[in-house]
Amino acid sequence: MLDLKFVRENPDKVREAMELKGEPADLDHLLEYDQERRALLQEVEALKQLRNRVSKEIGQGGLRGGELDQKKEEMRQVSDKIKMMDEQLRQIEAAQEQILLRLPNLPDAAVPPGKDEADNVEVRSWGKPPRFSFEPLPHWEVGERLGILDFPRAGKITGSRFALYRGEGARLERALVNFMLDLHTREHGYQEIFPPFLVNAASMTGTGQLPKFAEDAFRVEGTDYYLIPTAEVPVTNLHRDEILEAEALPLYYVAYSACFRAEAGAHGRDTRGLIRQHQFNKVELVKFVKPEHSNEELEKLVQDAERVLQLLGLPYRVMLMCSGELGFAAAKKYDLEVWLPSAGVYREISSCSNFSDFQARRAGIRYRPAPGQKAQYVHTLNGSGVAIGRTVAAILENYQQEDGSVVIPEVLRPYFNGRSHITAP
RNA sequence: GGAGAGAUGGCCGAGCUGGUCGAAGGCGCACGACUCGAAAUCGUGUGUGCCCGCAAGGCACCGUGGGUUCGAAUCCCACUCUCUCCGCCA
């Protein structure tokens, strides 16, 4: 959320941001409501002042019979009027809030302007795509031949866009979760969190999923609970409505969670394999930092995510997202894209964003810069460290052998009793 | 699921027979005094948001939402959450 005062004073900047991001919102009405609200507020506050003053007079007991009754009657009418105006005010404020919650964050100055992924900028790449002496198969075929992925059964049990892992496949998924958690907690200084997978509407609003993207989330019928689309939601909201001590910053958290996405509007895209699922696993990195450090913290966050892919030996590139690809809440974002040999393309496997104070303002996450000073909003960041399902896909494809087996990356072998291959039973 | 207790400022905690309560007291914190310096001690100060604005000022907030009243932290109703006990249960 943007600061209303900032919006009022810099409507052009807000408009520019909406255009750059392709995230339109009703700024004109917001500004109208703002004017209306302030005028009404002055009126009603004058009435409240009057009521407070007269009520105090009455309380002091100086008034006698007729005069007392007259004042009470007057104030009764004033109160009625106040009640009406307060209700009006409440409606304006609610309408205003709805628009304000739909205004996108401003892009960071370093973000390249652009419309779609063609305008993203490659920052660096790592590793070389492997050469095959045979035609590499897509990961779902590798997995199905090995008997470790079973999409037909997942479809029977639940429906499309769900996966079932079996045997070494299930173990691979679990190994990756543990490997990533171990790496980030032991070597990168993150504290492990295991959060609830269901959150309330306030939390979804705090990180920006609501109100704008309600159709992307699964909601539990008859409740106020949503299945989390990412651990970012519970972990960022961990400090909702809190004032943190300056010495406590920066805070680094890492969390494994299942993630649930309705994938509304994704009909026909990535219908096969593990790339786009309604439920997938992810290890997420979340940071709370002082505003002046957020961009350097983003760089470190990206490197922490890259480390996962490097240790797994998976070729990838780092892309700086252009304004149009930034999304609603981010000020700056990098994607890590991993090489998928079967399609011959790089696919997103991690997304690392600096949200500046956008989420912090929504969620009321502040810190006190120095004792006695006014609390101000922290900056929040998060990034996948990394998505598990897509990592499985990348491993199956990059490490597949001509005989149908898959080499287990060395760092994962401790989780496989030292074994080096996944082979068909 | 049943019964009871509670929710107050950065934290703890009074107030809850309605007005003198934005709220005692303590802790914490800031500044000052004392000191070579520090601790201890003493003094002063210290919530948030909004409106107006040169300044002064005003309004709101005591879990949330309603109600009663000239006036509500205080009374009434509903809801949420926390704790205790009982039941059920992985």
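No hydrogens, no waters, no symmetry mates; every other heavy atom, side chains included, goes into these values. Numbered from 1 within each chain, the chains take letters A, B, ... in sequence-line order.
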Could you tell me whether the phosphate oxygens of [N], OP1 or OP2, come under 4.0 Å of any side-chain nitrogen or oxygen in [X]?
{"X": "A:Lys374", "N": "B:rG49", "value": "yes"}
{"X": "A:Lys56", "N": "B:rC21", "value": "no"}
{"X": "A:Asn52", "N": "B:rA60", "value": "yes"}
{"X": "A:Arg76", "N": "B:rC70", "value": "yes"}
{"X": "A:Ser79", "N": "B:rU69", "value": "no"}
{"X": "A:Arg368", "N": "B:rC29", "value": "no"}
{"X": "A:Arg8", "N": "B:rC51", "value": "yes"}

Separation of atom [atom1] in [X] from atom [atom2] in [N], rounded to whole Å:
{"X": "A:Gln42", "N": "B:rG58", "atom1": "CD", "atom2": "C1'", "result": "10 Å"}
{"X": "A:Leu89", "N": "B:rG49", "atom1": "CG", "atom2": "P", "result": "19 Å"}
{"X": "A:Gln96", "N": "B:rG49", "atom1": "CD", "atom2": "P", "result": "17 Å"}
{"X": "A:Gln373", "N": "B:rU48", "atom1": "CD", "atom2": "P", "result": "12 Å"}
{"X": "A:Gln60", "N": "B:rG71", "atom1": "CD", "atom2": "P", "result": "16 Å"}
{"X": "A:Asp86", "N": "B:rC59", "atom1": "CG", "atom2": "C1'", "result": "10 Å"}
{"X": "A:Gln376", "N": "B:rG10", "atom1": "CD", "atom2": "P", "result": "16 Å"}
{"X": "A:Asp241", "N": "B:rG49", "atom1": "CG", "atom2": "C1'", "result": "13 Å"}

Under a 3.5 Å cut-off for both distances, is [N] Watson-Crick or wobble paired, and to whom?
{"N": "B:rG1", "answer": "B:rC86"}
{"N": "B:rG53", "answer": "none"}
{"N": "B:rA73", "answer": "none"}
{"N": "B:rA39", "answer": "none"}
{"N": "B:rC62", "answer": "none"}
{"N": "B:rC27", "answer": "B:rG10"}

Base, sugar-phosphate, or nothing: which does [X] touch, judged by heavy atoms less than 4.0 Å apart?
{"X": "A:Lys48", "answer": "sugar-phosphate"}
{"X": "A:Arg53", "answer": "nothing"}
{"X": "A:Ile58", "answer": "base"}

Exercise. Any donor-acceptor pair under 3.5 Å between the side chain of A:Glu45 and the base of B:rG58?
Worked result: yes
With the side chain of [X] defined as its heavy atoms from C-beta on, choose the nearest nucleotide among [options].
{"X": "A:Lys5", "options": "B:rC50, B:rC52, B:rG58", "value": "B:rC50"}
{"X": "A:Arg366", "options": "B:rG49, B:rG71, B:rC50", "value": "B:rG49"}
{"X": "A:Arg37", "options": "B:rG10, B:rG71, B:rC50", "value": "B:rC50"}
{"X": "A:Arg90", "options": "B:rG66, B:rC81, B:rC51", "value": "B:rG66"}
{"X": "A:Lys72", "options": "B:rC51, B:rG58, B:rC70", "value": "B:rC70"}
{"X": "A:Arg38", "options": "B:rC52, B:rG66, B:rC81", "value": "B:rC52"}

Exercise. Closer to the 5' end of RNA chain B via nearest nucleotide, is it A:Glu87 or A:Asp34?
Worked result: A:Asp34
Exercise. Which comes earlier along RNA chain B counting from the 5' end, the contact point of A:Tyr377 or that of A:Ile243, where each point is its nearest nucleotide?
Worked result: A:Ile243
Pair [X], [Y]: side-chain N/O donor-acceptor within cut-off below 3.5 Å:
{"X": "A:Glu296", "Y": "A:His293", "value": "no"}
{"X": "A:Tyr367", "Y": "A:His239", "value": "no"}
{"X": "A:Glu74", "Y": "A:Gln70", "value": "yes"}
{"X": "A:Gln49", "Y": "A:Glu45", "value": "no"}
{"X": "A:Gln209", "Y": "A:Asp216", "value": "no"}

For this session: Flag the pair A:Leu274 / A:Leu149 as yes when at least one side-chain heavy-atom distance between them is below 4.5 Å, and no otherwise.
Result: yes
Distance check, [atom1] atoms only: [N] and [M], in whole angstrom units.
{"N": "B:rG28", "M": "B:rG65", "atom1": "C1'", "result": "34 Å"}
{"N": "B:rA55", "M": "B:rG66", "atom1": "P", "result": "34 Å"}
{"N": "B:rC29", "M": "B:rC77", "atom1": "C1'", "result": "41 Å"}
{"N": "B:rG47", "M": "B:rG9", "atom1": "C1'", "result": "5 Å"}
{"N": "B:rG18", "M": "B:rA72", "atom1": "P", "result": "13 Å"}
{"N": "B:rG6", "M": "B:rG13", "atom1": "P", "result": "14 Å"}
{"N": "B:rG32", "M": "B:rA39", "atom1": "P", "result": "13 Å"}
{"N": "B:rU68", "M": "B:rA78", "atom1": "C1'", "result": "15 Å"}

Exercise. With the threshold set at 4.0 Å, does a side-chain nitrogen-carboxylate oxygen contact exist between A:Glu168 and A:Arg171?
Worked result: yes
For this session: Answer yes or no: does atom CD of A:Gln310 have more than 12 heavy-atom neighbours from other residues, nucleotides or ligands under 6.0 Å?
Result: yes
Problem set entry | Shortest non-hydrogen contact between A:His421 and A:Ser405, atoms and distance | CD2-OG, 3.6 Å
